[in-house]
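These notes concern the structure reproduced below.
Just so it is clear, the model here is predicted, and its values are computed rather than measured.
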Amino acid sequence: MQGLADFLKSIGAARFGAMIAVTAALIGFFAFVIMRVTTPQMTTLFTDLSVEDSSGIIKDLERQGIQFEIRNEGSIIMVPKDKVTRLRMKLAEGGLPKGGGVGYEVFDKSDALGTTSFVQNINHLRALEGELARTIRAIDRIQAARVHLVLPERPLFAREAPEPSASIVVRVRGALEAQQIRAIRHLVASAVNGLKPQRVSIVDEAGQLLADGAAADPEQAVGDERRISFEKRMRKQVEDIVSSVVGSGRARVQLSADFDFNKVTQTSDKYDPEGRVLRSSQTREEQSMTADNNGQVTVNNELPGNQQNNGVAAKDQSKKTEETNNYEISRTTKTEVTEAGRVNRISVAVLVDGIYSKNEKGDLAYQDRTKEQLDRIAALVRSAIGFDQKRGDQVEVVNLRFADAPSTAPIAEPSGFLGMLQFTKDDVMYFVELGVMMLLGLIVLFLVIRPLVKRILASDEVAAAISGVLSGPAASEETAPSAQPLLPSGAASAIDVATIQGQVHAQSVHRVGELAERNPNETVAIVRQWLGESAK
């Protein structure tokens, strides 16, 4: 302990404090780096949680002793990335998250023995609304949903029963398409007995009516949706094929389709007179003969077997033949049904930009496209839309300069080995964090540790210089007696030795003065230390 105390006294208070500060800074910095590196990477467990779901999930995580973070006022919960899959399955086993509503689990813990029919009906309505809301939230772009059902009971002795209705409030990301709105209406109508899609109204979080509950013509709505979908698909096809020629963003396409939604049924019969086939044939013959009795009517003439031998009487004989032939004539019956939604006419307008090239000064110069290029583009458009001149289709391709100049050439996507280095957002953030830690380490090394080390080394140098200066006179005194015998023999040699010693002392004193000016505190500490040792 005495040796340790002497060592601490010998290094001085300033150097001791500097060593403690450097050691503490290094320990703190490396501890911070190790903690940041060893901290598990956090990822999202669930988003858009309600307060009830957040509290239930946090309680379960605390019971399991798993580290978590809460963000966005409890709607987002972060957990370690390596445990997120297992936690989702574990929480799903416990029925979390519930989605902010009550589903059919309302019947799991209810006492059916003492429950009235009114409470059972209310619970059934709540469960049905909650399940529908969960299903609607599974659709893309829908963040939250609430469903309200009105299921009226049929009054006694009533001829007509009131129709059920539904109201849906959704919170969306962006905007819903017409097909998605129609799908929501049919989804709810199919899940509720007796509910029609026209009786379902949908409202977004901004109060905008997406679908009203009025009884509209469903066939007309389907027809409009079919026309819009057809125009959108054809427009995309034309834009793709034209953009591949003139460049991305250098073409504008407008397409209009005229649809006929009338359903026509036509039946026609065609007869072939040359194609006859004998179906049936009937022949009839009649023959009669009459004798002349001179107009006398007697009983003898009327008796059978009466023979008159008085002479040959005159006779009247007739014969009739009839033939009837029935033929089948070939007939063709044709029934044509033209479904609603056929295309009557298509009109396409295509606007393309010109050609940009750099001139001698390096500026972009505009040049119109030739008529041959426009004709080729028009031919491509006609092929893409199925052009039919008899139908009255029209295609117009016009070359005009756009108001905005083209941007710089697009950056080519990396291929080969660089294309394989595709990092996720989490990987990039991890590399950025490591880079920041390394930069902070270099800053601490060069701006904190290096000046402290130089300061400690400068203190040792000052102490050595002062010791050399103070020991200089004693050395000169020891060398003086040896030099005195030389004075009688050679005064010139003695003068040279004295001159050299004076120059050495002067340089040492000057050097000590410079060090003392640059490091006054260390100089004072060293002198005080020496004074204390002399007193001992």
Side-chain angles (χ1 to χ4, degrees), residues 175 177-183 216-275 330-357 365-407 410:
E177 299 180 356
Q179 184 177 2
Q180 291 178 316
I181 297 174
R182 182 166 168 262
D217 187 5
E219 295 183 358
Q220 183 67 25
V222 173
D224 294 339
E225 183 179 350
R226 183 177 178 182
R227 178 181 57 81
I228 294 173
S229 177
F230 176 81
E231 292 179 350
K232 183 178 179 181
R233 178 172 56 86
M234 298 299 295
R235 187 185 303 112
K236 185 178 184 304
Q237 291 179 359
V238 175
E239 286 182 354
D240 292 342
I241 194 171
V242 175
S243 298
S244 62
V245 177
V246 302
S248 178
R250 298 289 94 194
R252 301 291 185 269
V253 179
Q254 292 295 332
L255 187 143
S256 176
D258 182 14
F259 271 69
D260 186 4
F261 296 103
N262 296 325
K263 186 176 180 180
V264 179
T265 303
Q266 182 178 1
T267 303
S268 61
D269 294 337
K270 183 179 180 181
Y271 295 92
D272 185 9
E274 301 297 333
S330 298
R331 184 184 67 174
T332 302
T333 302
K334 183 179 180 181
T335 303
E336 295 181 355
V337 179
T338 304
E339 294 292 341
R342 63 182 181 274
V343 180
N344 288 337
R345 185 169 58 90
I346 300 177
S347 301
V348 184
V350 181
L351 177 63
V352 296
D353 200 1
I355 302 174
Y356 292 88
S357 60
Y366 175 79
Q367 182 181 359
D368 292 333
R369 297 186 181 273
T370 62
K371 187 177 183 302
E372 182 181 359
Q373 292 178 347
L374 296 179
D375 293 341
R376 291 182 178 179
I377 294 174
L380 291 175
V381 174
R382 292 190 186 97
S383 301
I385 66 173
F387 182 82
D388 188 359
Q389 187 175 3
K390 297 180 180 179
R391 193 172 55 187
D393 296 347
Q394 293 181 357
V395 174
E396 292 291 339
V397 179
V398 180
N399 176 212
L400 292 175
R401 184 174 182 177
F402 285 8
D404 52 339
S407 58

Start with the C-alpha gap between Arg369 and Val246, add the side-chain angles, then the distance that decides, and say whether side-chain contact (heavy atoms from CB on, under 4.5 Å) holds. CA-CA 10 Å; Arg369 297 186 181 273; Val246 302; 3.4 Å; yes
Are Leu255 and Ile385 close enough that some pair of their side-chain heavy atoms sits under 4.5 Å apart? yes
Contact check, side chains of Val242 and Leu380, non-hydrogen atoms, under 4.5 Å: no
Between Arg250 and Asp353, is there a side-chain N and carboxylate O pair less than 4.0 Å apart? yes
List the steps and the verdict of side-chain contact (heavy atoms from CB on, under 4.5 Å) for Asn344 and Phe259. CA-CA 6 Å; Asn344 288 337; Phe259 271 69; over 6 Å; no
Val238 to Ala384 - nearest heavy-atom pair and separation: CG2-CB, 4.4 Å
Verdict with reasoning, Arg391 to Ile346, per side-chain contact (heavy atoms from CB on, under 4.5 Å): CA-CA 8 Å; Arg391 193 172 55 187; Ile346 300 177; 3.8 Å; yes
Neighbour count >12 (heavy atoms, 6.0 Å) for atom CZ, Arg233: yes
Report the residue from Val253, Asp240, Val348 that forms a side chain to side chain contact (heavy atoms under 4.5 Å, CB included) with Arg235. Val253
Could you pull out the closest heavy-atom pair between Tyr366 and Asn399, with the gap in Å? OH-ND2, 3.7 Å
Does the side chain of Gln373 come within less than 4.5 Å of Val352's, by heavy atoms? no
Closest non-hydrogen contact found for Gly386 with Asp393 is O-OD2, 3.9 Å
Look up atom CD in Gln394 and atom OG in Ser347, then write down how far apart they are to the nearest 0.5 Å. 5.0 Å
How long is the span from the CG atom in Asp388 to the CZ atom in Arg345, to the nearest 0.5 Å? 12.5 Å
